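We use all heavy atoms of the structure for the numbers below, so side chains are in, but hydrogens, waters and symmetry mates are not. Below, read A as the first sequence line, B as the second, and so on, with proteins coming before strands; counting in each chain starts at 1. In this text the structure is predicted, and so the values were computed from the model without any measurement.
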Amino acid sequence: MSPVSKSAAAIAAARAEGRPALICYLPAGFPDVQGTIDAAVAMAENGADIIEVGIPYSDPVMDGSVIQAATVQSLAQGFKVAQVFDIVKGITERCSATVMIMTYWNPVLRMGVDEFSRRLAEAGGAGLITPDLVPDEAAEWMEASDKYGLDRVFLVAPSSTEARMKATVDASRGFVYCVSVMGVTGARAEVSDAAAAVVAAAHAAGAENACVGLGVSARKHVEEIGAYSDGVIVGTALVAALRDGGVDAVAKLTAELSGRAVNA
Amino acid sequence: MNPMTGDPDQGGSKPASAPSHSLRHAAGPYFGDYGGRWMPESLIAAMDELNETFEAAKADPEFIAQVKDLNKNYSGRPSLLTEAKRFSEAAGGVRVFLKREDLNHTGSHKINNVLGQALLAKRMGKTRIIAETGAGQHGVASATAAALMGLECVVYMGAEDTRRQALNVARMQLLGATVIPVTAGSQTLKDAINEALRDWVANVGTTHYLLGTAAGGHPFPAMVRYFHEVIGEEAREQIIAQAGRLPDAVAACIGGGSNAIGIFHGFLDDADVELYGFEAGGDGIDTPRHAATITLGRPGVLHGAKSYLMQDDDGQTIESHSISAGLDYPGVGPEHAYLADIGRVHYEPITDTEAMDAFSLLCRTEGIIPAIESSHALAGVLKIAERKIAAGAVPKETIIIANLSGRGDKDVGTAAEWFNLIDTEKDAK
Ligand SMILES: Cc1ncc(COP(=O)(O)O)c(C=O)c1O
């Protein structure tokens, strides 16, 4: 029996309001630990259903230059992985948004998959998004996520075969992360039309929730993608806003993305 | 069996599949608990395509003939096995033989792998190859193979390395490659690999990532080894022909581990042959400046494989340091991690100073300028010899093979500086 999924519940609540879920990313420790919490709360107050907190990592192969620069800064300021639990706790204490961690796998392995999972659950986190972990290598994580009732969000891509799509959808809980393009994170003027095909394939493979990320930066993308998917993931554009205009800019952009008036 | 080389002890009447206890033909994806595919889903389809192409090519006589022909008529194989008599005297009189990968076209073992992989790229219909490089040796080899086979070539290189290795940058450009300086992260080899992976994700339809060492996700470790197996198979045959028996020990340097796994392959199932991998000890393993991944690292995942890794308590990769750019990598191929754990291969660090002393010794005793990478293996040979003699071995009845993985032309600037041959003050004026 699978545990109740917090992220699936958040997506279902958005669906009940007739809109795609808005999933907003920001890196832990950027601009600093308190700043991450404040920016995340501003996201939640302006329409984010799920907050995705990224753990800065020395070798972020799926990230483009904007997110790289933010995570490099966070690490240079001395960010430690265990602080991500303080951040998750800090956010969940102040708002009702669902909080996930996005992390490359080695920091989790280093802490120990079970220990990491236990601390994430204790902090009130919903689960993990894992850009460089495929289900084939995830036996330990499958076990720990079941034990602690955490969501496990794997990625699927335009290059995923039907068999891999099925296996990945089956292994995921909460939602599957549909990569919109063959590429790394970064705002793009247009979101690739490959995204619709990936979402269709994920749905066909049995995914209840298929959310789209990579390249999404504007309200028009949210509307376009929201028409066929269950949620929209925004990263780089928000990180750039936080970098250039602080929490206020994040609040404004999140409100814009969600189609609401700013709640400052 | 590796039909590319005839694999003397496996071919002929013996069955094609290796016996289950053999260590020589480990197929991956796993080497014990190591290896696998710890990488983004976006790249898995390309890894599967590569694996299928590689498996089909290995069974295709035409492919094997192509590789053999290039090895012989382009690279100049077989490479010599040279008895280093004057160097041997300095090693207490043990007999030291050098496997002369330095004599290959482009000056190192790297050519074996790039020719094989470039052929696979063509088989897959890819028109573009990308590669990472530290000192530039693998970049030059990749640019060479691309020129030979009419492929577009882009090489990622840490920005700092492009300045230090300006001549190799020019060599790559002369060969028609584009060199992209990487300013991300620590601006070193590992960041060049990250950038190459980002390129690959975005261009995987047209592009093959020609990884330069026996690391990375499956099938890279087993595939890169396959193309270097020729080193060990030649060496085994040559030592039997020249010395009448197998060696007592074989030594190689370890960056990601490709030249080492290539020569070890010839001897892994010969239990009496001791195998040694020498890592870069930099300023010493009691300092933070080294690249002794197996000696001091802990298991983790980086660039697609689980293996030993230089990492901090948070799982962040630690920057490595070595005078030798080719060994300056905080990871190591997964097969070595496994061979270390089961005790089949001994891995030890060699400091910059020990390596440069051995470098100088080989120059002056044999008239061969070795790559600084390979000098780590030579320094290791001196240590093995000393220990064996101390344990009562008769020197002239003791045989050690060192893999001379490359020549030192690229290192002349570094060595001149190390030995104070350049008047830097005068140059500055
Ligand atoms: C001459 C030479 N030897 C050894 C190495 C180390 O690589 P590997 O451990 O893969 O053989 C290099 C890498 O650049 C090299 O140029």
Which bit of [X] is near chain B, if near means a heavy-atom gap under 4.5 Å: side chain, backbone, both or neither?
X        : answer
A:Pro56  : backbone
A:Tyr177 : neither
A:Gln68  : side chain

- Item | Electrostatic pair B:Lys190:A:Asp59 at N-O distance under 4.0 angstrom |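 A:Asp59 and B:Lys190: salt-bridged.
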- State whether B:Glu41 and A:Arg164 are salt-bridged, where the test is any N-O pair (Lys NZ or Arg NE/NH1/NH2 against Asp/Glu carboxylate O) under 4.0 Å. yes
- Just do the side chain to side chain contact (heavy atoms under 4.5 Å, CB included) check on B:Ser42 and A:Val179 with the steps written out, would you? CA-CA 8 Å; B:Ser42 295; A:Val179 168; 4.3 Å; yes
Does [atom1] belonging to [X] count more than 12 external heavy atoms closer than 6.0 Å?
X        : atom1 : value
A:Gln73  : CD    : yes
A:Glu208 : CD    : no
A:Glu143 : CD    : no

Side chain from CB out, backbone as N, CA, C, O: work out which of these in [X] comes under 4.5 Å of a heavy atom of chain A, or both, or neither.
X        : answer
B:Asp313 : backbone
B:Leu309 : side chain
B:Pro299 : backbone
B:Val204 : side chain
B:Gln311 : side chain

- Restricting to pairs with a member in residues 25-35 of chain A, which pass side chain to side chain donor-acceptor pair (under 3.5 Å), not counting sequence neighbours?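 Every pair satisfying side chain to side chain donor-acceptor pair (under 3.5 Å) with a residue in residues 25-35 of chain A: A:Gln34-A:Asp38.
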Quick one: pull up [atom1] in [X] and [atom2] in [Y] and give me the separation to the nearest 0.5 Å.
X        : Y        : atom1 : atom2 : result
A:Asp136 : B:Arg37  : CG    : CZ    : 7.5 Å
A:Thr161 : B:Asp48  : OG1   : CG    : 7.0 Å
A:Glu137 : B:Tyr30  : CD    : OH    : 3.0 Å
B:Met47  : A:Ser159 : CE    : OG    : 12.0 Å

- Task: Provide the closest heavy-atom pair for A:Asp63 versus B:Arg198 in the form atom of the first, atom of the second, distance.
- Result: O-NE, 3.0 Å
- Trace of the side chain to side chain contact (heavy atoms under 4.5 Å, CB included) decision for B:Val301 with A:Tyr104: CA-CA 10 Å; B:Val301 296; A:Tyr104 292 92; over 6 Å; no
- Note on the structure: Checked B:Arg298, B:Glu195, B:Glu319 vs chain A; the most non-hydrogen pairs under 4.5 Å come from B:Arg298
- Message: So does A:Val81 get a backbone contact from the side chain of B:Asp314, meaning a donor-acceptor N/O pair under 3.5 Å?
- Response: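 Looks like yes, one N/O pair under 3.5 Å.
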- Item | Contact leader toward chain B among A:Ser58, A:Ala82, A:Ala157, where contacts are heavy-atom pairs under 4.5 Å | A:Ser58
- Query: Is the closest side-chain heavy-atom distance between B:Trp38 and A:Asp132 below 4.5 Å?
  - Reply: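 The answer is no, as the side chains (C-beta and beyond) never meet within the 4.5 Å cut-off.
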- Before giving the answer on side chain to side chain contact (heavy atoms under 4.5 Å, CB included), spell out for B:Leu302 and A:Asn106 the whole-Å C-alpha distance, their side-chain angles and the decisive distance to 0.1 Å. CA-CA 7 Å; B:Leu302 177 69; A:Asn106 200 51; over 6 Å; no
